[in-house]
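In this text the structure is predicted, and so the values were computed from the model without any measurement.
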Amino acid sequence: MVVRKETQQTGVKVNQPAQRNVPHGIRALSAILAMVMTMALMLLYAPMPHAKAEETPETQSGAMLSIDSSTAVLTDTSGYHLSATVTNTTDQEIPSGTLTLAMNAFYTFVSRNDIQEWSEGIGQIPTPDIVGQSEVPALQPGASANVRIDAESSQEALASIHSWGPKPVTLNYEADGVQQDEAHTFATRTGAGLNTPDTPAMNITIVQPLEAQGWTTDNTMLEQLVNKGGVTSAELSKIAVPGKEDEARLKSLEETFTKHDKLQVVADPTYLKAMSMPTQVDGITQPSLFDITAYSALNDSKTYDSSGVGTSQWSAEQALKNYQSALGDPNASMTTYAWQGTGNWTIEALTKAKQQGYDTVIATHDFEADDAATAETGKAIVSTDTGDVTVLTAQSVLSNLAQGKATSSDAEADGEGTTAGRLARFVAQSAFYQMEQPYAERNLLVCLNDNSDPAVVDALMTDVEQSPWLNITDLNTLSNADPTLSGDDAATIVPQSDGINDATRANLRQTLSTLAASASDIKRFNASILTDDAKQAPAGLKAWRRQLVNAHGIMALHALGGENPAGSTMVEGAGQLASLLINGVAITPTENVNVVSETAQMPVTISNSHPYPVTVKVSSLTNSMQIVTSRFDTVEVPAHGEAQVAFTIRVATSGTADATLSLQDRQGITFGATQTTHITSALQISDKSGFIIIGIAVLLGALGLWRQFHRKKDPDE
């Protein structure tokens with residue numbers, strides 16, 4: 001998202017403090033002085049045309065400068081330290097050159113446009129104060145070199161800074177007298193060691209969602225469930241497990257959480273339940289981060305029910321139960337938050353969240369007022385038909401930077417293509433927001449990614465902790481802050497569109513359809529394949545049936561999580577469960593049958609790998625009108641056993657035919673794999689007719705012999 005949506009007129013309103021604290025005259029004088037100083041600096045250091053305007057297309061074939069690390073927060077003792085990678089992105093050798101780091105020690109950003117245009121390299125701000133230089137070796141095409149610039153705090157440019165706040169910084173790469181590339185970044189000076197008045201720090205709340213990066217099916221647990229007739233409740237809940245990389249990542253995150261205890265952690269309770277080492281959290285989300293916004297956008301509860309996911313599975317009550325189970329404490333309490341999914345928090349989505357027991361939701365995107373004059377407290381109270389909902393709203397610019405997104409495309413925001421560049425912008429932007437209204441009480445919310453790199457989170461928190469204009473608060477403090485908007489005012493910023501595109505909607509429909517098919521197979525297995533004597537059904541069988549449904553529901557719930565990278569894996573797991581059940585009852589391949597009479601028997605063996613008996617129909621159908629079999633037979637197959645049925649073959653003539661054998665449930669619906677048996681008929685004479693024919697043949701033969709011996713010979717013989 002481009003920050004230009006936040007454009008404000010230079011000067012007056014942007015830097016206007018809260019009226020209750022500063023007299024009008026002082027505010028006006030401050031604004032005028034800021035404008036005069038800015039104009040004077042721009043005239044004094046107006047940039048002259050230089051080599052960049054004369055660069056050839058080859059020298060501009062790609063970004064050459066990449067900021068690996070930099071000092072985002074400047075103090076009176078920190079100095080400035082930068083590491084950058086210079087890459088020859090052309091197809092020609094670049095001779096040895098120089099990397100120059102420069103800033104404008106006296107400049108103060110006066111508007112949001114001002115700071116954004118600098119980031120994109122179109123702001124006409126001179127940077128005459130050289131901080132340091134470093135030699136760059138000659139580079140062949142595609143080659144890179146790492147370059148460092150280190151300046152002590154006593155360096156002239158750094159020592160000349162007399163006001164706190166973000167300063168424009170350029171990184172300029174020249175070779176053979178020609179500018180090869182330039183990057184624009186920021187360094188933000190604290191008030192330490194400066195003779196400037198202190199202003200209240202601006203509150204900021206930073207939230208890290210904690211969820212699995214990839215769910216997968218525990219195949220061992222799945223086979224035990226299917227083949228042994230059930231598992232314990234604790235084992236069943238872990239039939240879906242986080243991927244192998246999650247354990248290592250959680251260890252790294254826990255180190256970060258311990259180091260930065262003010263970082264707020266909001267966790268998926270099913271993830272905490274699945275991990276063997278639950279971490280300390282500040283809140284929990286809906287189970288599996290089920291996508292409530294997509295559920296509301298689709299507005300088709302029956303389809304979700306058919307997929308095996310009912311509303312009770314992702315309610316706030318169930319989230320708390322999962323958390324209590326993870327801790328092993330049935331009395332544990334924790335605040336629940338509904339985390340935003342792929343869609344927007346429309347009034348319908350907020351209403352559904354409230355119905356599910358979530359009084360507070362977190363809006364990670366698309367819930368800010370477009371015309372906000374300044375950065376405001378990230379809280380609004382929205383009225384729904386089921387009651388008021390507190391919406392904690394992420395500040396978009398800071399959140400995007402923290403999540404690894406440049407404020408515009410990397411080609412435009414040339415200094416924000418790396419983590420270090422984005423963190424420098426984050427620090428500068430947060431300082432600018434504080435300077436807009438230095439005496440106003442505000443609490444900004446910053447939401448990190450569910451897949452945030454622990455090292456990046458650590459670097460971000462370190463920079464924020466070193467920024468004295470920021471005061472890190474917790475979610476509870478933000479929730480209790482005065483809302484920026486409520487009532488009719490809040491209703492005006494609620495998104496009207498669900499924010500889900502056609503491709504996402506189609507994928508969701510496909511996922512639900514696939515889950516509905518596997519859920520239907522499991523339901524059919526329970527109701528129409530397993531032997532069912534309601535009065536005598538053992539308790540174990542009833543429990544097993546429930547566990548099969550619950551296991552599918554667990555995987556389906558994970559498959560429908562918001563922005564879940566493992567959704568397809570969970571769909572496959574649910575399908576695997578259904579396949580194991582359906583294919584566990586099968587026809588054993590039958591040998592070919594040779595028929596030498598009008599009737600014969602064709603034995604068919606049915607196997608059952610399950611721990612309880614099944615009752616099924618066996619169907620046989622030939623592809624010939626002269627060679628046919630009996631059509632159906634019903635058989636009960638014992639647990640982990642086999643049973644046999646015999647089909648009668650009737651033959652009208654010699655020939656061949658194929659009998660297709662299939663299984664049907666008790667409702668007559670075919671399931672499982674079919675088998676084909678080849679029938680060959682060499683038809684012989686049947687009993688009575690055969691004897692008659694044989695008798696006639698014997699008589700005729702005897703008569704012929706008698707005539708041969710008793711006939712009168714011809715005289716000529």
Hey, mind stepping through Arg545 and Asp532 against salt bridge (charged side-chain N to carboxylate O under 4.0 Å, His left out) and telling me if it holds? CA-CA 11 Å; Arg545 282 173 163 160; Asp532 188 13; 3.7 Å; yes
Apply side chain to side chain donor-acceptor pair (under 3.5 Å) to residues Ser607 and Glu642 and explain how you reach the verdict. CA-CA 4 Å; Ser607 64; Glu642 295 181 341; 5.4 Å; no
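Rounding to the nearest 0.5 Å places NZ of Lys238 at 9.5 Å from CE of Met275. From Asp329, atom CG reaches atom CD of Gln324 across 7.0 Å, with rounding to the nearest 0.5 Å. Here the CG atom belonging to Leu580 is positioned 5.5 Å from the CG atom belonging to Leu222, to the nearest 0.5 angstrom. Trp314 CH2 to Leu560 CG: the interatomic distance, rounded to the nearest 0.5 Å, is 11.0 Å. Rounded to the nearest 0.5 angstrom, Arg631 CZ and Ser619 OG are separated by 3.5 Å.
Ionic pairing of Lys354 and Asp388 is not present here: no N-O contact between side-chain nitrogen and carboxylate oxygen is shorter than 4.0 angstrom. Between Lys352 and Glu348, none of the side-chain N atoms (NZ, or NE/NH1/NH2) sits under 4.0 Å from a carboxylate O, so this pair counts as no salt bridge.
Remark: Arg650 CZ is loosely packed, at most 12 non-hydrogen atoms of other residues, nucleotides or ligands lying under 6.0 Å away. Open room surrounds CD on Glu317; 12 or fewer heavy atoms of other groups in view lie less than 6.0 Å from it.
Side chains of Ser528 and Ile669 form no contact here, defined as non-hydrogen atoms less than 4.5 Å apart. With a 4.5 Å cut-off on side-chain heavy atoms, Ser237 and Lys273 count as touching. Between Phe671 and Val585, the closest side-chain pair of non-hydrogen atoms falls below 4.5 Å. At a threshold of 4.5 Å between non-hydrogen side-chain atoms, the residues Asp665 and Lys617 do not count as touching. Between Leu448 and Val207, the closest side-chain pair of non-hydrogen atoms is not below 4.5 Å.
Under the 3.5 Å distance criterion, the side-chain polar atoms of Asn623 are left unmatched by any main-chain donor or acceptor of Ala657. Formation of a donor-acceptor pair under 3.5 Å by the Gln286 side chain with backbone atoms of Phe290 is found in this model. A donor-acceptor distance shorter than 3.5 angstrom exists from the side chain of Gln340 to the backbone of Gly343, with no hydrogens or angles considered.
If you look at Tyr295 and Tyr304, their ring centroids are closer than 6.0 Å.
Between Tyr271 and Trp215, the ring-plane angle classifies as perpendicular under the 30° and 60° cut-offs.
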